[in-house]
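Just below is one structure, and these are the notes that go with it.
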Amino acid sequence: MVCQNHRKPPPTIVNCLLSPMLLALESSCDETAASVCTAEGDILASAVASQIEIHRQFGGVVPEVASRNHILHVQPLVETVLAQAGLKLADIAAFAATSGPGLVSSLLIGTSMAKALAVAESKPFLAVNHMEGHLLSPFMAGNGPPRRSVALIVSGGHTMLIHMTDVGEYRLLGKTRDDAAGEAFDKIAKMIGLPYPGGPEIDKLAQQGNPTAYSLPRSFLDGHSLEFSFSGLKTAVLYELPKLDLENPTVLADLCASVQAAICEVLVEKLILAARLCGEKLVTVSGGVSCNRGLRARLSSRCEKEGLTLLLARPDLSTDNAAMIAYAAARRFAQGHTSSLEADVDPNLSLVRP
Ligand code: KG4
Ligand code: ZN
């Protein structure tokens with residue numbers, strides 16, 4: 001288990017009175033996480049128990065293994081974040097957990113624990129959409145409050161563009177027709193022999209490579225489409241592989257840089273097109289892939305050129321974490337929302353109304 005802890009000084013009494021503190025759990029995939037956060041996006045404590053090393057040997061996430069490990073880590077993580085924040089359970093205003101989308105057997109661990117804590121403390125429970133956590137994460141840690149914007153969410157399971165007018169007011173502008181951006185990074189990395197998860201590995205190798213070395217397809221679909229497709233890129237790399245000596249570090253780095261450039265160019269240009277079509281000047285980017293250095297560099301230069309303000313989720317808030325879940329819950333709680341203890345998990349939970 002790799003535990004990343006982010007500690008802040010304990011809140012003052014005045015802060016506690018002004019701003020309810022929510023404790024949230026995240027267990028939708030292979031990270032178990034807990035956090036205490038306020039609706040202002042102040043992270044009082046955050047800890048992640050990563051299972052990456054465990055799943056790496058299988059080349060991807062094994063659901064049964066993931067849920068067994070969530071069970072091992074969830075209670076110690078609750079104790080860790082309470083200790084980090086210098087709080088007792090009784091100081092928490094409400095308990096929250098990711099209820100979807102994700103792996104059912106994993107989601108059940110976090111939601112069951114949060115419900116149990118809510119019952120034990122006679123406090124409300126909130127079920128949180130994991131994608132809403134990603135969507136709101138760029139507004140945390142001093143960047144808030146959430147406001148009108150066009151969002152690009154790029155994670156291992158999702159790639160979507162959302163027009164947000166307020167918390168809870170989301171319109172889907174486009175999503176991927178096949179692989180998510182993170183999935184494309186991970187699958188291509190696997191094809192070229194890199195370990196799971198492949199996104200950070202490609203990012204690392206791409207630093208030394210030439211992004212124009214290989215001409216790979218950019219799937220813009222038709223010129224005004226806000227949908228994505230990455231399966232053609234995967235196939236193009238597959239056809240390229242027999243011609244390449246991947247033992248040669250220059251060839252490998254050039255291929256990684258070319259793949260990264262092909263994915264990032266499409267993501268950035270579609271985000272800019274979406275902002276133009278919605279008439280918005282603020283764009284946000286979140287989800288694990290937003291850690292990618294090539295994507296961040298291209299986003300800043302293109303947004304500056306287009307006169308757009310760019311808010312990027314902080315890297316530790318981009319990959320799966322519970323602080324973004326606690327923040328989303330706290331914003332909803334501030335609007336008067338709570339969830340029933342009967343609320344079920346939903347592996348396909350949608351962020352937008354159909
Ligand atoms: O948001 P996230 O932590 O989990 C999901 O909700 O899916 O995203 C994980 C994805 C993985 O596909 C991983 O390879 C990708 O984010 N990722 C990256 C980078 N860091 C994480 N992709 C490209 N470059 C990175 N630096
Ligand atoms: Zn995620």
Side-chain angles (χ1 to χ4, degrees), residues 2 4 24-33 35 46 48-52 55-56 59-61 63 66 97-103 106-107 110 128-138 151-160 175-176 179-192 194-207 209 211 230 233-234 256-257 259-268 284-299 312-325 327-328 347-349 351:
V2 178
Q4 306 158 342
L25 300 171
E26 155 62 34
S27 65
S28 61
C29 190
D30 60 344
E31 319 276 21
T32 328
S35 174
S46 181
V48 181
S50 172
Q51 300 177 22
I52 283 183
H55 296 281
R56 186 166 281 153
V61 178
T98 304
S99 65
L103 304 168
S106 289
L107 292 164
V128 179
N129 186 312
H130 181 84
M131 302 317 293
E132 186 169 37
H134 279 307
L135 177 70
L136 300 182
S137 61
L152 171 68
I153 309 177
V154 270
S155 69
H158 295 81
T159 293
M160 45 187 176
K175 61 182 171 117
T176 183
D179 293 337
E183 206 177 348
F185 269 112
D186 293 345
K187 286 179 174 171
I188 292 171
K190 198 171 187 177
M191 278 160 44
I192 58 182
L194 300 175
Y196 168 85
E201 301 291 326
I202 291 188
D203 186 353
K204 214 184 306 162
L205 289 166
Q207 295 282 104
F230 294 107
L233 173 65
K234 211 172 49 187
C256 287
V259 166
Q260 182 169 291
I263 295 175
C264 296
E265 186 181 327
V266 175
L267 293 175
V268 174
T284 69
V285 186
S286 58
V289 178
S290 71
C291 291
N292 184 272
R293 284 167 286 183
L295 179 62
R296 287 185 169 240
R298 187 183 277 266
L299 278 167
L312 285 161
R314 220 169 63 183
D316 61 299
L317 300 173
S318 297
T319 48
D320 286 350
N321 66 90
M324 68 181 190
I325 304 301
Y327 180 58
N348 302 312
L349 188 63
L351 184 58

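Order of appearance sets the numbers: ligands from 1, and atoms from 1 within every ligand. Please read these numbers as outputs of a predicted model, since none were measured by experiment.
Side chains of Met131 and Ser155 form a contact here, defined as non-hydrogen atoms less than 4.5 Å apart. Contact check for Cys256 versus Leu194: side-chain heavy atoms found under the 4.5 Å cut-off. Contact of the Cys29 side chain with the His55 side chain is not registered, since no non-hydrogen atoms from C-beta on lie closer than 4.5 Å. Proximity of Leu205 to Gln260: side-chain heavy atoms (C-beta onward) are nowhere separated by under 4.5 Å.
Scanning both residues, His158 and Pro101, for their nearest heavy atoms gives CE1-CG, 3.7 Å. Considering every non-hydrogen atom in both His134 and Ser318, the closest pair reads CE1-O, 3.2 Å. The minimum heavy-atom distance between Phe185 and Gly199, with the atom names listed, is CB-CA, 3.8 Å.
Heavy atoms from other residues, nucleotides or ligands lying under 6.0 Å from NZ of Lys234 number more than 12.
Within 4.0 Å of ligand 1, protein heavy atoms belong to His130, His134, Ser155, Gly156, Gly157, Gly182, Phe185, Asp186, Pro197, Gly199, Pro200, Asp203, Gly287, Gly288, Val289, Cys291, Asn292, Ser318, Thr319, Asp320, listed by chain and number.
If you count the protein N, O or S atoms nearer to the Zn ion (ligand 2) than 2.8 Å, you get 3.
Residue Val128 forms a side chain to side chain contact (heavy atoms under 4.5 Å, CB included) with just one option from Ile325, Leu25, Leu136, and that option is Ile325.
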